[in-house]
Protein chains: 2
Amino acid sequence: MTRRAEILIIGNEILSGKVADEHSGFLSREFRALGVDLRRVVVLPDEVEAIGEAVREAWQRSDLIVTTGGVGPTHDDVTIAGIAHGLGRAVVRHPELEALVKEVYGEHPPSALARLAEIPEGATLLSAAGLRVPVVVVEKLYVFPGVPEVFRRKFNAIKSRFLDTPFYMKKIYLAVGEEPIASILYEVMAKFPAILLGSYPTFTQAEYRVVLTLESKAASYLEAAHADLVARLPQDAIVRRDEDAAPSSSEMRADGVPPG
Amino acid sequence: MTRRAEILIIGNEILSGKVADEHSGFLSREFRALGVDLRRVVVLPDEVEAIGEAVREAWQRSDLIVTTGGVGPTHDDVTIAGIAHGLGRAVVRHPELEALVKEVYGEHPPSALARLAEIPEGATLLSAAGLRVPVVVVEKLYVFPGVPEVFRRKFNAIKSRFLDTPFYMKKIYLAVGEEPIASILYEVMAKFPAILLGSYPTFTQAEYRVVLTLESKAASYLEAAHADLVARLPQDAIVRRDEDAAPSSSEMRADGVPPG
């Protein structure tokens with residue numbers, strides 16, 4: 001059973017357009033390469049109520065939740081409080097984090113800094129090679145910082161634990177728009193209801209007008225759906241086929257253009 | 001009363017990392033410049049149930065909802081059905097859109113194309129100069145396509161109707177980290193609870209280590225909070241102040257670096 005994941009991006013700076021969200025793009029590609037099924041991304045303000053509500057909802061829907069942002073010492077860092085609120089847990093201090101804070105800031109750190117040792121009750125610490133500060137984990141929920149460099153370093157250090165069976169993908173580039181093929185795609189979906197079939201029009205390419213993507217975790221099912229689709233399509237409309245049933249991780253631009 | 005907005009980005013291609021989401025960054029900056037308070041962004045799969053649930057939740061929380069994606073003729077275009085499901089409305093055909101479809105595809109378009117005329121019952125069409133196809137509006141919810149060029153053209157054509165009183169912003173660049181100023185920020189928030197005060201650490205700048213942003217729709221309140229904060233900060237830590245209490249729309253990179 002493929003793990004269903006949800007990402008909660010926490011930060012007023014993203015909602016107000018001051019800072020570009022780098023996390024959701026990075027994580028969506030990482031999760032795909034890991035074989036994790038990302039089901040939802042939610043960008044939230046630095047507010048305990050809003051974070052709590054989103055955590056509660058994600059908890060019901062998902063097997064894996066990642067939060068980014070809101071874990072520093074300042075007033076706008078309320079992610080731990082939000083998670084605790086959403087799960088009906090108390091906020092407590094973790095002795096190992098307390099020791100780390102004292103190591104860095106001295107025996108009696110100011111109260112604002114003492115918050116750096118706070119966790120939702122029952123959370124555990126996940127250590128990994130190369131990490132000075134461990135990752136706070138609340139069962140299936142992983143708490144990451146918002147600063148991109150730090151976030152990526154921490155995610156990369158522990159991501160192997162999320163590894164699942166891979167997705168396989170095939171692409172078909174078409175010289176026609178979506179209109180003449182729409183009913184064909186319905187037919188294929190009726191025959192292969194479990195295939196992930198995407199249709200992406202573009203208006204900026206000379207060579208093709210639509211990219212079709214087929215994906216599945218079962219290589220033979222993908223093969224069969226792909227063959228069925230290719231046979232139904234008008235043959236002169238097919239510009240190119242990417243036949244590599246390799247784990248999918250390549251990024252297309254928003255207009256359907258593959259990189260490079 | 002400032003309008004509270006929510007964005008629903010619909011598309012498996014974004015969740016699976018194949019296509020980068022260009023919409024939320026664009027819209028967060030546009031809404032900020034318009035004076036609209038963006039409260040949440042949700043990225044959703046092409047599924048009627050998931051879209052319906054998100055629409056229902058957003059409807060309760062927000063005064064303005066924008067959806068992008070999922071409005072073409074193919075099987076994965078289920079945004080209209082999702083909105084209708086979420087609001088407990090039927091899907092019906094709009095005579096004006098039916099006429100447009102017939103104009104383009106002939107008197108008897110295939111059933112897949114007839115879906116291009118579908119709307120949630122009670123929706124209206126919003127026309128604007130330069131738009132060949134009007135925007136579907138369900139009360140406070142606006143339906144936009146996912147192809148970036150088309151989405152932006154349509155949004156720009158109607159965005160003046162979202163115009164609200166502007167946010168004003170001031171920035172302070174600090175040579176120190178967050179630790180020595182965290183308690184000062186709490187004090188300012190206690191005195192000016194309505195100020196939007198952000199604290200953004202960066203580890204990639206030689207000149208400064210933290211950017212503070214203060215924002216408000218009330219210029220005099222911003223002025224007072226800013227003066228209070230500046231007086232409390234260690235003076236030798238202040239590298240630079242951006243004093244322009246101008247409507248805020250400038251983008252910083254995720255590491256707190258302003259552009260240019």
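So that the names make sense, note that chain A is the first sequence line, chain B the second, and so on, each numbered from 1.
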J.: Relative to chain B, which segment of Pro110(A) carries a heavy atom at a distance below 4.5 Å: side chain, backbone, both, or neither?
T.: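 Neither part; nothing is under 4.5 Å.
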J.: Which atoms of Tyr105(B) come close to chain A, meaning under 4.5 Å heavy atom to heavy atom: side chain ones, backbone ones, both, or neither?
T.: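 The answer is the side chain of Tyr105(B).
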J.: Less than 4.5 Å to any heavy atom of chain A: does that hold for the side chain of Glu30(B), its backbone, both, or neither?
T.: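 When you check distances to chain A, no heavy atom of Glu30(B) falls under 4.5 Å.
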J.: Measure from the side-chain N and O atoms of His75(B) to the backbone N and O of Leu197(A), and report whether any donor-acceptor pair falls under 3.5 Å.
T.: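 Yes, the answer is positive, given that a donor and an acceptor are paired below the 3.5 Å cut-off.
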J.: Atom NZ in Lys18(B), atom CZ in Arg32(A): separation rounded to 0.5 Å?
T.: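 Those atoms lie 5.0 Å apart.
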J.: Which one wins on heavy-atom pair count under 4.5 Å against chain A: Val188(B), Ile181(B), Leu185(B)?
T.: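 Looking at each option in turn, the highest pair count goes to Leu185(B).
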J.: Could you grab the distance from atom CD of Glu149(A) to atom CZ of Phe203(B), nearest 0.5 Å is fine?
T.: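 Rounded to the nearest 0.5 Å, the CD-CZ separation comes out at 8.5 Å.
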J.: Using every non-hydrogen atom in the two residues, find where Tyr186(A) and Thr74(B) come nearest and quote the distance to one decimal.
T.: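 For Tyr186(A) and Thr74(B), the tightest heavy-atom pair comes out as OH-O, 3.8 Å.
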J.: Show your reasoning for whether side-chain contact (heavy atoms from CB on, under 4.5 Å) applies to Ser199(B) and Asp76(A).
T.: CA-CA 7 Å; Ser199(B) 176; Asp76(A) 54 354; 4.2 Å; yes
J.: Heavy-atom cut-off 4.5 Å, strictly under: side chain, backbone, both or neither for Val150(A) against chain B?
T.: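 For Val150(A), side-chain heavy atoms alone lie under 4.5 Å from chain B.
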J.: Below 4.5 Å, heavy atoms only, C-beta onward: do Leu15(B) and Arg39(A) meet side chain to side chain?
T.: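 A side-chain contact under 4.5 Å is absent here.
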J.: Roughly how far, to the nearest 0.5 Å, is CD of Glu215(B) from CG of Asn12(A)?
T.: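 Nearest 0.5 Å value for the CG-CD distance: 8.5 Å.
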J.: Between atom OG of Ser16(A) and atom CG of Leu38(B), what is the distance when rounded to the nearest 0.5 Å?
T.: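 The distance works out to 8.5 Å.
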J.: Could you check which of Pro73(B), Ala112(B), Ala5(B) has the highest count of heavy-atom pairs closer than 4.5 Å to chain A?
T.: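 Highest number of heavy-atom pairs under 4.5 Å: Pro73(B).
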J.: Look at His23(B), Glu179(B), Arg61(B), Met189(B) and state which one has the largest set of heavy-atom pairs under 4.5 Å with chain A.
T.: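 Max contact count across the listed options: Glu179(B).
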J.: To the nearest 0.5 Å, tell me how far Ile14(A) CD1 sits from Ser28(B) OG.
T.: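 Spacing of CD1 (Ile14(A)) from OG (Ser28(B)) equals 9.0 Å.
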J.: Salt bridge between Arg40(B) and Glu53(A), side-chain N to carboxylate O under 4.0 Å?
T.: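 Here Arg40(B) pairs with Glu53(A) in a salt bridge, since their nearest N and O are under 4.0 Å apart.
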